[in-house]
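Only one structure is covered here, and it is reproduced in the block below.
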Amino acid sequence: MTVFADYAPWYDLLYQDKDYAAETTFVEARLRDHGAAPGKLLDLGCGTGLHAIAFARKGWRVAGIDLSHEMIASAKTRAEQAGLAIPFRQGDACEAGPERDFDAVVSLFHVASYQTNRDRLEKMFRTAHAALKPGGLFFFDYWYGGAVLAQGVETRVKEIEQKPLRLTRIAQSDHDEQAATVTVNYTLFCEDTDRATIRRVDEAHHMRYWFPFEIDAALQASGLQPAGHSAWLTQDAPSTKSWAAYAVARKSVTP
């Protein structure tokens, strides 16, 4: 089963507290720190398009790719409703497509950690490399291994109500330390209080946490030059306090 196939209709409601606009402002500031100005931007693993739309509103000429047909359909509808002409297409982040000569590629909300081995991570990085113009920037986030090991995994429950819908999501995680992976088993109960119906959705998300030295080796093997790692939404070094970290890399100007 494709990840997010059944989960997609409820995705935006589950993450309604995620501040996409603030995250986009932060990412753009880091891109500017490295010399990028609004130009062509590819959102690799764009989901339902909220980051892509936020970048478009800041003046970037945006395109988006996501593996999920359902997510892409939502992204297209949202862009049309916003009056934005953003070319979204379904595709695998690990397979380079026709996109070329982009000033920046971003890959947000842990797309890199959905690549659960070094081969797939490098393929994803090569997709970014192919899409970038010489000197272009690649910004992506990932699960930071130091924090995962320090904090461990736990069962989490999230409840959201937006009448007539009531959502309850239970996330139970299995940690395979030898493989550096975490399988997050989601059980989602979607209740329509007007119709007195409940739908259950089960999905398993297999994730890989990474360390900066692994990321840098994979970037260099893919023709990209590492330019630093930080804890998410900060400019501090990754720490055990947060699973989320990000990295910046640049495509070499010379072959």
Side-chain angles (χ1 to χ4, degrees), residues 15-39 41-47 50-52 54-55 57-58 60 93 103-116 118 121-122 124-125 128-129 132 135-154 156 158 171 173 175 177 180-182 184 205 207-252:
Y15 292 106
Q16 64 180 356
D17 55 347
K18 185 175 175 64
D19 195 339
Y20 287 88
E23 291 183 1
T24 301
T25 296
F26 176 84
V27 174
E28 187 189 40
R30 303 292 74 75
L31 293 174
R32 287 180 180 273
D33 288 346
H34 289 272
L41 181 141
L42 176 63
D43 189 348
L44 193 59
C46 62
L50 287 166
H51 282 122
F55 274 109
R57 286 174 171 157
K58 287 180 173 293
W60 293 83
D103 298 279
V105 173
V106 299
S107 191
L108 304 174
F109 219 176
H110 319 310
V111 176
S113 280
Y114 277 93
Q115 317 315 318
T116 55
R118 170 71 180 267
L121 187 69
E122 286 187 13
M124 175 188 161
F125 290 172
H129 182 275
L132 286 168
L137 291 173
F138 181 31
F139 182 109
F140 61 97
D141 59 8
Y142 63 94
W143 281 6
Y144 170 56
V148 177
L149 294 177
Q151 295 182 22
V153 301
E154 59 184 25
R156 297 184 180 183
K158 186 172 189 176
S173 297
H175 184 191
E177 192 169 336
T181 60
V182 176
V184 185
H205 291 212
M207 309 289 288
R208 170 73 183 262
Y209 51 86
W210 298 98
F211 293 89
F213 76 91
E214 297 176 298
I215 295 280
D216 288 351
L219 286 168
Q220 291 169 337
S222 307
L224 295 161
Q225 296 303 311
H229 297 257
S230 299
W232 182 237
L233 297 182
T234 79
Q235 296 186 66
D236 302 326
S239 78
T240 57
K241 295 180 180 179
S242 173
W243 284 31
Y246 68 89
V248 181
R250 187 184 299 276
K251 182 174 179 175
S252 177

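Numbers for residues simply follow the sequence, beginning at 1.
Take S242 and apply the side-chain contact (heavy atoms from CB on, under 4.5 Å) test, not counting sequence neighbours, and it matches A244. Not counting sequence neighbours, the partners of E214 by the salt bridge (Lys or Arg N to Asp or Glu O under 4.0 Å) test are R208. Not a single salt bridge (Lys or Arg N to Asp or Glu O under 4.0 Å) links D236 to another residue, sequence neighbours left out. Residues passing the salt bridge (Lys or Arg N to Asp or Glu O under 4.0 Å) test with K241: none are found, sequence neighbours excluded. A search for salt bridge (Lys or Arg N to Asp or Glu O under 4.0 Å) contacts involving D19 returns nothing, not counting sequence neighbours.
Checked by atom type and distance alone, the side chain of R250 pairs as donor or acceptor with a backbone atom of H34 at under 3.5 Å.
Looking at heavy atoms from C-beta onward, F140 lies in side-chain contact with I215 at the 4.5 angstrom threshold. Counting heavy atoms from C-beta on, the side chains of H51 and C46 never come closer than 4.5 Å. Here the side chains of T25 and K58 are in contact, with some heavy-atom distance below 4.5 Å. Counting heavy atoms from C-beta outward, V111 and L44 have side chains that stay 4.5 Å or more apart. Side-chain contact between F55 and P38 is absent, with no heavy-atom pair separated by less than 4.5 Å. Contact check for H175 versus L149: side-chain heavy atoms found under the 4.5 Å cut-off. At a threshold of 4.5 Å between non-hydrogen side-chain atoms, the residues R30 and D33 count as touching.
Tested against H129, the residues L219, L224, V105 include a single side-chain contact (heavy atoms from CB on, under 4.5 Å) partner, L224.
Pairs engaging residues 226-249 under the ring-ring contact (aromatic ring centres under 6.0 Å, His included) rule: F26-Y246, F139-Y246, Y142-H229, W143-W243 [sequence neighbours left out].
Nearest heavy-atom pair, P212 versus Y144, reported as atom, atom and distance to 0.1 Å: CD-CE1, 3.7 Å. Of all non-hydrogen atoms in F138 and S107, the two that sit nearest each other are CE1-CB, 4.1 Å. When all heavy atoms of T240 and G146 are compared, the closest pair comes out as CG2-O, 3.8 Å. Taking each heavy atom of H110 and D141 in turn, the nearest pair found is N-OD1, 2.7 Å. When all heavy atoms of R118 and A221 are compared, the pair lying nearest together is NH2-CB, 4.0 Å. M207 and T116 make their closest contact through C-CG2, 4.0 Å (heavy atoms, listed as atom of the first residue, atom of the second, distance).
Put simply, CZ on R156 and OG on S173 are 8.0 Å apart, with the number rounded to the nearest 0.5 Å. Here the straight-line distance linking atom CG of L137 with atom CG of D103 works out to 9.0 Å at 0.5 Å rounding.
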